[in-house]
There are 2 protein chains.
Amino acid sequence: MVTLAEVAQHAGVSASTVSYVLSGKRSISATTRTRVEQSIRELGYHPNAGARALASSRSNIIALMIPLRTDMYVPVMMEIAIAVATTARTHGYDVLLLTGEEGPDAVRRVTGSGLADAMILMDVQLDDERLPLLRGTDQPSVLIGLPADTTGLTCVDLDFKATGALCVEHLAMLGHRDIAVIGEAPAVYERHTGFAERTLDGLRLRSQELGMRLLHRPCEGGYDAMAVTLARILDERPATTGFVVQNESAVEPLLALLRQQGRAVPEDVSVVGVCPDQVAVQASVRLTSVSIPAQEMGRHAVEQLVAKLEGRGSDEVVLIAPELTIRASTGPAPSAAH
Amino acid sequence: MVTLAEVAQHAGVSASTVSYVLSGKRSISATTRTRVEQSIRELGYHPNAGARALASSRSNIIALMIPLRTDMYVPVMMEIAIAVATTARTHGYDVLLLTGEEGPDAVRRVTGSGLADAMILMDVQLDDERLPLLRGTDQPSVLIGLPADTTGLTCVDLDFKATGALCVEHLAMLGHRDIAVIGEAPAVYERHTGFAERTLDGLRLRSQELGMRLLHRPCEGGYDAMAVTLARILDERPATTGFVVQNESAVEPLLALLRQQGRAVPEDVSVVGVCPDQVAVQASVRLTSVSIPAQEMGRHAVEQLVAKLEGRGSDEVVLIAPELTIRASTGPAPSAAH
DNA sequence: ATAGGTTGTCGAAGCGCTTCGACAGCTTTT
DNA sequence: AAAAGCTGTCGAAGCGCTTCGACAACCTAT
C-alpha cells in the first residue's frame with residue numbers, strides 16, 4: 001500500500017506538498033505539481049480513505065436510506081439510487097446504502113460515527129420519526145419526498161398535487177366528466193406516504209373546479225384485485241369514461257380487463273397513468289402518462305446536498321413540475337363526439 | 001462529538017480499556033465493563049469510523065457494484081442489493097454502492113484507498129475486465145453471476161443450466177414436444193452475460209436428450225417486439241405448444257398476444273417463466289416459473305465474504321438449485337390428450 | 001537599496017482510534 | 001515460601017493524512 005510519504009519521497013518534496021497538490025488548497029508551482037503527479041501515477045497511489053476522513057473530518061460519503069419494503073415503485077427507487085450514485089461520483093462522493101430497517105438508529109449511527117457527511121432519505125412518511133433527528137443535527141440532509149412539516153428541511157419531489165391536477169385537466173379537455181382514480185394499495189394510504197395523498201388532493205381540487213365527478217379507489221394491483229376494483233367502480237359510476245392510474249402493477253390489469261369487457265381504449269374510455277415512462281411505453285396500449293422523474297430527483301438531491309456541504313445552498317423545497325406525455329391511451333370522451 | 005478519551009475519563013479508566021470493552025479483544029472485569037458501557041450510553045458515544053479504519057486498517061464496509069444500465073431485472077437487482085445491505089448489517093458491515101460506470105477503475109479506487117474491506121460484483125460478464133484486478137489483489141470478493149473462468153474467484157448464482165433443464169423437463173412431462181424459448185434482448189446475448197447463455201445450454205441439452213424440438217429467439221420485450229417475435233415463431237414452428245420465457249418484460253405481452261390469437265393458456269399452450277416470483281404471480285395467468293432467488297443470492301454473497309474476511313471460507317462456486325413452482329400457465333399438451 | 005508583498009515549500013502537530021508490551025496484583029503449582 | 005502463570009489494566013506508539021504557522025526566495029514599490 002503506497003502512502004503519501006512514499007510519493008513525497010519519490011518526488012523529492014515534503015508530504016504536505018503532495019497533500020496540497022492533491023487538494024489544490026494552496027498554490028503549487030507547475031513544475032512541482034507535474035513531478036508529484038508523475039510520482040502518483042508511477043507508484044499507483046490512492047489516498048487512504050480512513051486517514052483522510054480522520055484528518056479532515058470529511059468522509060466524502062453520502063448516505064442513502066432506501067425503504068426496506070419493495071412493494072411499490074421498485075424500478076423508480078432503483079433509478080433514483082443509481083442517479084444518486086453516479087451524480088455523487090461526479091462530485092467526488094461515494095454512496096453508502098442504508099436500508100430503512102434500522103430506522104432512526106441508522107441516522108444516529110451515521111451522524112455519530114462520521115461515516116457519512118450527509119444523508120438522503122427516500123420514502124419519507126408524512127410524520128417520519130427520523131425528521132426530529134435530522135433537525136437536531138448539523139449534518140446536511142435532503143429528503144426525496146415531502147413530509148407534513150418541512151420547516152428546517154430540504155426536500156425534492158415531483159409536484160404530485162400538480163400532477164393530479166394535470167391528469168384531470170387533460171381528461172377534462174377531452175370532454176370526460178366522470179373519472180375514476182385507481183390508487184396505490186390501501187396500505188400506502190394508511191401509512192401516510194405523502195405522494196399518494198397529494199396526488200389525490202390535486203385530482204380532487206381540480207376536478208371540483210372543473211365540475212367533474214371523481215371516484216377514488218385504492219387497489220392492491222394484480223389482476224384479481226383490479227377486477228374487483230373495476231367491477232365496483234363501474235357498478236357505482238357506470239358513466240365513467242376516464243381513468244387515472246397511480247399504481248404500476250394495476251396498469252396492465254386495467255387495460256386487459258377493459259379490453260376483455262369490450263371497452264376500447266381510447267375510443268370508449270381514456271386512461272392516464274402516473275408512472276415511470278418505461279411502464280407507460282411497455283403497456284399494451286401505449287399510455288398517456290405523467291412520468292416519475294426518478295433520475296432528476298436523484299440528481300437534484302445530490303446537488304442540493306453538495307451545495308450545502310460547500311456552504312452554498314439552503315433549506316428549500318424543490319417541487320419538480322409534472323410533465324404529461326400524450327400517447328395512445330387517451331382520446332375524446334364518447335359523449336363529446338355525439 | 002464524543003471521543004473515546006472522554007468516555008474513558010467519564011468511566012475513570014484508560015482509553016485502551018474502553019477500546020477493549022468495545023472490541024472484546026482482551027478480557028475485562030465485569031465491573032469495569034458495565035461502568036464503561038454505562039458511560040458510553042450516557043454520553044451517546046459512537047466510535048469515529050475514520051479513526052477506526054485508520055488504526056485497524058479495516059473499514060467495515062463492503063462495496064457493492066451494481067450495473068448502471070437498468071434494462072433488465074431491475075427488481076431482482078434491487079432485491080439483491082437490499083438483501084446484501086441487511087445481511088451486511090447483521091455482521092457489522094455497511095454497504096457502499098458503486099455503479100458499473102467507473103468500470104475497473106472503481107475496483108482500483110476502492111482497493112487502493114481502503115474504502116471497503118471487500119467487494120461484491122453483480123452483472124458479471126463472461127469475460128469481465130474487472131476479474132484480473134480481483135485476482136491480483138488480496139481483497140476478498142464475491143461475484144453474483146458466473147464468468148467463463150472462475151479460477152481464484154468466489155461466485156454465487158442460480159444454476160441457470162439446471163434451470164433450463166428443469167423447464168424442459170416440466171414441459172416434456174406434460175407431453176409437449178415443440179418448445180419455443182423467448183429470451184432476453186439480443187444485446188444481453190451479445191454482451192455475453194453468462195446467465196442467458198447458460199439457461200440456453202440447459203434448455204438445449206435437455207431437450208435434445210428428451211428428443212424435443214427447441215427454437216430460441218431473443219426478444220426486446222414490450223408488445224410490439226413480442227408480437228413480431230411470436231409471429232415468426234409460429235410461422236416457423238406452427239406445432240409449438242410450449243413456451244419458456246426468460247424476459248420479464250415479455251411475459252405479459254406474450255400472454256396477451258396468445259389470448260388475442262385465441263390460444264388458451266394452459267389448454268392450448270403452456271408457458272414457463274424464468275423470473276422473480278412477483279412477476280409470475282402478478283401476471284394475467286399465474287405463471288408456472290422458476291424463480292430468481294434474489295434474496296438468497298445476496299445473503300449468500302455477504303456470508304461468503306464475511307467468512308473470507310474472518311479467515312474462514314475459501315474460493316468456491318455456489319450454484320443455487322432452481323425450484324420450479326407450478327401455477328396456472330402449464331398443462332398437458334393438447335396432442336397428448338388425443 | 002530597503003520595506004512590504006507574494007508565492008511556493010516545509011516541518012510538526014494532531015485527528016481518534018487500535019494494539020503491543022509492560023506490569024501490578026492475584027492465584028496456582030512445586 | 002519461592003517460582004510460575006493468569007487477569008485486568010495502562011501508557012505509548014503509530015495508522016496516513018490535513019492543515020497551520022513559519023519562512024526562504026523572489027518580486028514589486030518606494
Side-chain angles (χ1 to χ4, degrees), chain A residues 1-37 39-40 43-61 92 94 109-117 309, chain B residues 1-37 39-40 43-61 92 94 109-117 309:
Chain A
M1 189 113 306
V2 189
T3 70
L4 229 214
E6 296 176 73
V7 174
Q9 192 175 3
H10 186 271
V13 298
S14 79
S16 48
T17 301
V18 177
S19 178
Y20 286 123
V21 166
L22 250 31
S23 69
K25 291 191 179 172
R26 284 200 181 173
S27 57
I28 297 287
S29 69
T31 41
T32 307
R33 190 203 318 289
T34 49
R35 198 143 38 86
V36 169
E37 283 166 350
S39 298
I40 288 177
L43 301 180
Y45 168 71
H46 285 272
N48 181 89
R52 201 165 237 202
L54 178 57
S56 65
S57 23
R58 291 293 230 91
S59 64
N60 285 301
I61 289 180
D94 273 295
R109 194 166 60 86
V110 168
T111 312
S113 67
L115 231 187
D117 297 332
L309 286 168
Chain B
M1 188 110 307
V2 189
T3 69
L4 228 214
E6 296 177 73
V7 174
Q9 193 176 1
H10 186 272
V13 298
S14 78
S16 48
T17 301
V18 177
S19 178
Y20 286 123
V21 167
L22 250 31
S23 68
K25 290 191 180 172
R26 284 202 181 172
S27 58
I28 298 286
S29 69
T31 40
T32 307
R33 191 203 318 287
T34 49
R35 197 143 39 86
V36 169
E37 283 166 351
S39 297
I40 288 176
L43 300 179
Y45 169 72
H46 285 272
N48 182 91
R52 198 164 240 202
L54 177 56
S56 65
S57 25
R58 290 292 231 92
S59 64
N60 284 302
I61 289 180
D94 273 295
R109 195 166 59 83
V110 169
T111 312
S113 67
L115 231 188
D117 297 333
L309 286 168

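Proteins get letters first, then strands, A, B, ... in listed order; numbering begins at 1 in each.
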CG (A/Leu115) and CZ (A/Arg109) are apart, to the nearest 0.5 Å, by 6.5 Å

Whole-Å gap separating P (C/dC17) and CG (B/Asn60): 14 Å

Counting side-chain heavy atoms from CB outward, which of C/dC10, D/dA12, D/dC17 is closest to A/Val13? C/dC10

Neighbour count >12 (heavy atoms, 6.0 Å) for atom CD, A/Glu6: yes

For A/Ser16, answer base if it contacts any base atom (sugar-phosphate contacts may also be present), sugar-phosphate if it contacts only those atoms, and nothing otherwise; contact means non-hydrogen atoms under 4.0 Å. base

Could you work out which one of C/dT9, D/dT9, C/dC17 sits closest to the side chain of B/Thr17? D/dT9

Rounded to whole Å, how long is the line connecting atom CG of B/Leu4 with atom P of D/dA12? 17 Å

Between B/Arg58 and B/Leu309, is there a side-chain heavy-atom distance shorter than 4.5 Å? yes

Give the intermediate values and the outcome of side-chain hydrogen bond (donor to acceptor under 3.5 Å, both in side chains) for residues A/Thr32 and A/Ser29. CA-CA 5 Å; A/Thr32 307; A/Ser29 69; 2.8 Å; yes

Can you tell me how far the CZ atom of A/Arg33 sits from the OG1 atom of A/Thr17, to the nearest 0.5 Å? 11.5 Å

Can you figure out which of C/dG16, D/dA12, C/dC15 approaches the side chain of A/Ala55 most closely? C/dC15

In whole angstroms, the gap separating P of C/dG16 from CG of A/Asn48 amounts to 17 Å

What is the distance, rounded to the nearest whole Å, between atom CG of A/Leu115 and atom C1' of C/dC15? 16 Å

Once you round it to whole Å, what is the distance between P of C/dG16 and CD of B/Glu6? 8 Å

Base of C/dG8, side chain of A/Thr32 - is there a donor-acceptor contact under 3.5 Å? no

Mind checking the CG-CZ spacing from A/Asn60 to A/Arg52? Nearest 0.5 Å is all I need. 7.0 Å

Counting only side-chain heavy atoms from C-beta out, which of D/dT18, D/dC17, C/dT19 sits nearest to A/Ser56? D/dT18

Return the residues of residues 20-31 of chain B meeting this criterion: a heavy atom under 4.0 Å from some atom of DNA chain C. Order them by number, or give none. B/Tyr20, B/Lys25, B/Arg26

Regarding A/Ser19 and A/Ser16, do their side chains bring together a donor and an acceptor under 3.5 Å, going by distance alone? no

Is B/Ser14 side chain donor-acceptor paired with the D/dG11 base, going by distance under 3.5 Å alone? no

Which part of the nucleic acid, if any, lies within reach of B/Thr3 when heavy atoms closer than 4.0 Å are counted: base, sugar-phosphate only, or nothing? sugar-phosphate

